[in-house]
Amino acid sequence: MAYATLADLERRLRSTELVQIADLDEDGVADADVVADALADAGNEIDAYLSGRYDLPLNPVPDLVTLWAVFIARYRLWSAKDDMPDLVRTNYQDAIRQLTMVQRGDIILESAAKAEPAERASQAVRGTTAAKVFAGGGLKGFLS
């Protein structure tokens, strides 16, 4: 699921940057399908970190997740270019670091519904008890 939109990218990036990285047909406008693919890839990457910890897709989407999606999509769009700015790489690395912290439980997304961790959901503990070996007066006369 895409956790950010073209409008989110437009709010965070200069319009010239978005055209520079997403205008494959060189008509002066960011290609909607190129942006949609980058946003979908970002959503899939985010889901990979959050799976097992949260019910997916996140709904409502926390603002922090939208920001991560923008940073990841921006990085993906720049990855096809030879001159990726350091800030783009740093923003991406920060997003991944924070997603790793969510995965470990160091950051909690308060507005997202929690899922039961996958390892607990798939493993049920079952047990049985044997019949009593000693009942009531079972040792009567044995200990004197």
Side-chain angles (χ1 to χ4, degrees), residues 1-139 143:
M1 172 183 173
Y3 291 115
T5 63
L6 174 59
D8 293 321
L9 276 173
E10 290 172 338
R11 273 194 304 278
R12 300 266 181 197
L13 310 181
R14 295 180 323 272
S15 61
T16 55
E17 179 184 359
L18 192 54
V19 169
Q20 180 182 2
I21 59 179
D23 180 18
L24 298 185
D25 60 8
E26 298 180 0
D27 65 354
V29 178
D31 299 342
D33 57 336
V34 172
V35 171
D37 288 347
L39 291 169
D41 290 346
N44 290 334
E45 190 165 352
I46 289 168
D47 282 349
Y49 281 94
L50 302 183
S51 66
R53 190 159 289 280
Y54 294 95
D55 290 332
L56 300 175
L58 297 176
N59 189 13
V61 178
D63 292 339
L64 188 55
V65 173
T66 299
L67 180 62
W68 294 333
V70 166
F71 287 161
I72 294 168
R74 182 185 190 195
Y75 176 84
R76 296 278 174 237
L77 290 166
W78 270 106
S79 66
K81 308 288 182 187
D82 293 330
D83 55 345
M84 181 186 297
D86 290 338
L87 179 62
V88 172
R89 188 178 320 312
T90 300
N91 288 159
Y92 172 76
Q93 291 168 341
D94 287 345
I96 297 305
R97 182 179 47 78
Q98 291 172 14
L99 281 163
T100 301
M101 292 173 73
V102 172
Q103 190 178 50
R104 287 192 318 244
D106 296 338
I107 295 176
I108 297 170
L109 301 174
E110 291 296 331
S111 63
K114 292 183 178 154
E116 186 174 337
E119 62 272 6
R120 277 193 261 152
S122 64
Q123 298 175 354
V125 176
R126 300 181 196 274
T128 59
T129 57
K132 291 183 179 179
V133 176
F134 299 104
L139 291 177
L143 298 172

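When a residue number appears, it is its place in the shown sequence, counting from 1. Values reported hereafter were calculated over all heavy atoms of this structure, with side chains retained and with hydrogens, waters and symmetry mates removed.
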Hey, are Asp83 and Lys81 close enough for a salt bridge, meaning a charged N less than 4.0 Å from a carboxylate O? no
N/O donor-acceptor pairs under 3.5 Å from side chains in residues 15-23, not counting sequence neighbours:
| residue | atom | partner | partner atom | Å |
| --- | --- | --- | --- | --- |
| Glu17 | OE1 | Arg74 | NH2 | 3.1 |
| Glu17 | OE2 | Arg74 | NE | 2.7 |
| Glu17 | OE2 | Arg74 | NH2 | 3.0 |
| Glu17 | OE2 | Trp78 | NE1 | 2.8 |
| Asp23 | OD1 | Glu26 | N | 2.9 |
| Asp23 | OD1 | Asp27 | N | 3.1 |
| Asp23 | OD2 | Asp27 | N | 3.2 |
| Asp23 | OD2 | Gly28 | N | 2.8 |

So how far is it from Ile46 CD1 to Met1 CE, rounded to the nearest 0.5 Å? 10.0 Å
Reported OH-to-CG distance for the pair Tyr75 and Leu87, which is rounded to 0.5 angstrom: 13.5 Å
More than 12 non-hydrogen atoms from neighbouring residues, nucleotides or ligands closer than 6.0 Å to CZ on Arg14, yes or no?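 It does not: Arg14 CZ has 12 such atoms or fewer within range.
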Expected output: side-chain [X] to main-chain [Y] donor-acceptor under 3.5 Å:
| X | Y | value |
| --- | --- | --- |
| Asn91 | Phe71 | no |
| Thr66 | Tyr3 | yes |
| Asp8 | Val70 | no |

Nearest heavy-atom neighbours spanning [X] and [Y]:
| X | Y | answer |
| --- | --- | --- |
| Leu24 | Asp31 | N-OD2, 2.8 Å |
| Ala4 | Ala69 | CB-CB, 3.7 Å |
| Ala38 | Ala73 | O-CB, 3.7 Å |

In residues 93-101, what donor-acceptor pairs under 3.5 Å come from side-chain atoms, sequence neighbours left out?
| residue | atom | partner | partner atom | Å |
| --- | --- | --- | --- | --- |
| Gln98 | OE1 | Trp68 | NE1 | 2.6 |
| Thr100 | OG1 | Ile96 | O | 2.9 |

Sequence neighbours left out, what pairs pass salt bridge (charged side-chain N to carboxylate O under 4.0 Å, His left out) with at least one residue falling in residues 40-49? Glu45-Arg76
Are Arg12 and Leu67 packed together at the side-chain level, in the sense that at least one heavy-atom pair is separated by less than 4.5 angstrom? yes
Is there a side chain to side chain contact (heavy atoms under 4.5 Å, CB included) between Leu109 and Arg53 once you walk through the steps? CA-CA 10 Å; Leu109 301 174; Arg53 190 159 289 280; over 6 Å; no
